[in-house]
Amino acid sequence: MEILKIYPENATKKQRYDLTCNPENQKLSLCEGQRLEIAAWCRYEDADVKTGEPRDLFSIQTLEGEVYATNSPTVWREFERMVEMFGPDGVTAIEVTSGTSKNGRKFFTVVYAGE
C-alpha cells in the first residue's frame, strides 16, 4: 500500500490507519444523497485482493470519525477538481450523488457542499 495524497499532511497514525486499512470502513456509495463534512481524506494505491493488481482508492473521514472509501475514478476526479480549485483544506463538505452512464449503468460522483 502506498499513500499518494493525504490531508491533513500531518495526519495522525490513527487517521492514516482509518483512511487506508480499517476493516470497519464503509462504501461511499452508501451515502448517496447525503452531505458529508470532511475532517481528512486520502488517495492511496493498494493491491486488489483477487488479482494482486494495483488499484487506486479514495477515502474520506467525516467530522464524526466515520470513514467512507471508493475505487471510483469519477469520484476521485471530481474531488480532485475541488482540491485544485479550493486547496486541500478548502473542501469542507461534499454531497454524494449518482447518475446514469451512456451505457445505462449507475455511477457515483461527488459535488461541493461547503459554505
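The analysis underlying the following values was restricted to heavy atoms, covering all of them including side chains, and did not include hydrogens, waters or symmetry mates.
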- Message: Tell me whether Val110 shares a hydrophobic cluster with Leu30, the cluster being built from Ile, Leu, Val, Met, Phe, Trp, Tyr side chains joined at under 4.5 Å.
- Response: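 No; tracing contacts between hydrophobic side chains, which count when under 4.5 Å, never links both residues.
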
- Treat each ILVMFWY residue as a node, draw an edge where side-chain heavy atoms are under 4.5 Å apart, and state whether Ile6 and Val67 are in one component.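 Yes, it is one cluster - the side chains of Ile6 and Val67 are joined through contacts under 4.5 Å.
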
List the atom of [X], the atom of [Y], and the distance in Å for their closest heavy-atom pair.
{"X": "Tyr112", "Y": "Val91", "answer": "CE1-CA, 4.2 Å"}
{"X": "Ala39", "Y": "Pro8", "answer": "O-CD, 4.1 Å"}
{"X": "Val75", "Y": "Phe108", "answer": "CG2-O, 3.5 Å"}
{"X": "Tyr17", "Y": "Pro23", "answer": "OH-CD, 3.5 Å"}
{"X": "Ile94", "Y": "Ala113", "answer": "C-CB, 3.7 Å"}

- Item | Test salt bridge (charged side-chain N to carboxylate O under 4.0 Å, His left out) applied to Asp46 and Arg55, step by step | CA-CA 6 Å; Asp46 202 2; Arg55 64 180 179 158; 5.9 Å; no

Kindly compute the distance separating [atom1] ([X]) from [atom2] ([Y]), expressed to the nearest 0.5 Å.
{"X": "Arg43", "Y": "Thr20", "atom1": "CZ", "atom2": "OG1", "value": "15.0 Å"}
{"X": "Leu28", "Y": "Leu57", "atom1": "CG", "atom2": "CG", "value": "12.0 Å"}
{"X": "Tyr68", "Y": "Cys31", "atom1": "OH", "atom2": "SG", "value": "4.0 Å"}
{"X": "Cys21", "Y": "Arg16", "atom1": "SG", "atom2": "CZ", "value": "11.5 Å"}
{"X": "Leu19", "Y": "Ile60", "atom1": "CG", "atom2": "CD1", "value": "9.5 Å"}

- Message: Surrounding CE of Met1 (heavy atoms of other residues, nucleotides or ligands, distance under 6.0 Å), is the total greater than 12?
- Response: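 Yes.
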
- Give a yes or no on this: more than 12 heavy atoms of other residues, nucleotides or ligands lie within 6.0 Å of atom CD of Glu24.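 No, because the 6.0 Å sphere around CD of Glu24 holds 12 heavy atoms or fewer from other groups.
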
- Query: Do Gln34 and Glu95 get their side chains close enough for a donor-acceptor pair, meaning under 3.5 Å?
  - Reply: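 Not at all, the side chains of Gln34 and Glu95 share no donor-acceptor pair under 3.5 Å.
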
- Message: I'd like to know if the side chain of Ser98 pairs up with that of Glu32 as donor and acceptor (distance under 3.5 Å, no hydrogens or angles considered).
- Response: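 Per modelled atom types, Ser98 and Glu32 side chains form a pair under 3.5 Å.
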
- Would Arg35 and Glu37 pass as an ion pair if we require N to O under 4.0 Å?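 Between Glu37 and Arg35 there is a salt bridge, with a charged N closer than 4.0 Å to a carboxylate O.
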
- Item | Phe58-Tyr44 aromatic ring centre distance below 6.0 Å |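 Centroid distance Phe58-Tyr44: not below 6.0 Å, so no.
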
- Stepwise, does the salt bridge (charged side-chain N to carboxylate O under 4.0 Å, His left out) test hold for Glu78 with Arg81? CA-CA 5 Å; Glu78 292 305 314; Arg81 285 181 183 163; 2.8 Å; yes

- Task: For the pair Glu66 and Gln61, evaluate side-chain hydrogen bond (donor to acceptor under 3.5 Å, both in side chains) and give the outcome as yes or no after the intermediate values.
- Result: CA-CA 6 Å; Glu66 296 289 324; Gln61 182 178 47; over 6 Å; no

- Query: Under 30°, 30 to 60°, or over 60°: which ring-plane class applies to Trp76 and Trp41, parallel, tilted or perpendicular?
  - Reply: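 Tilted, since the angle between the ring planes falls between 30° and 60°.
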
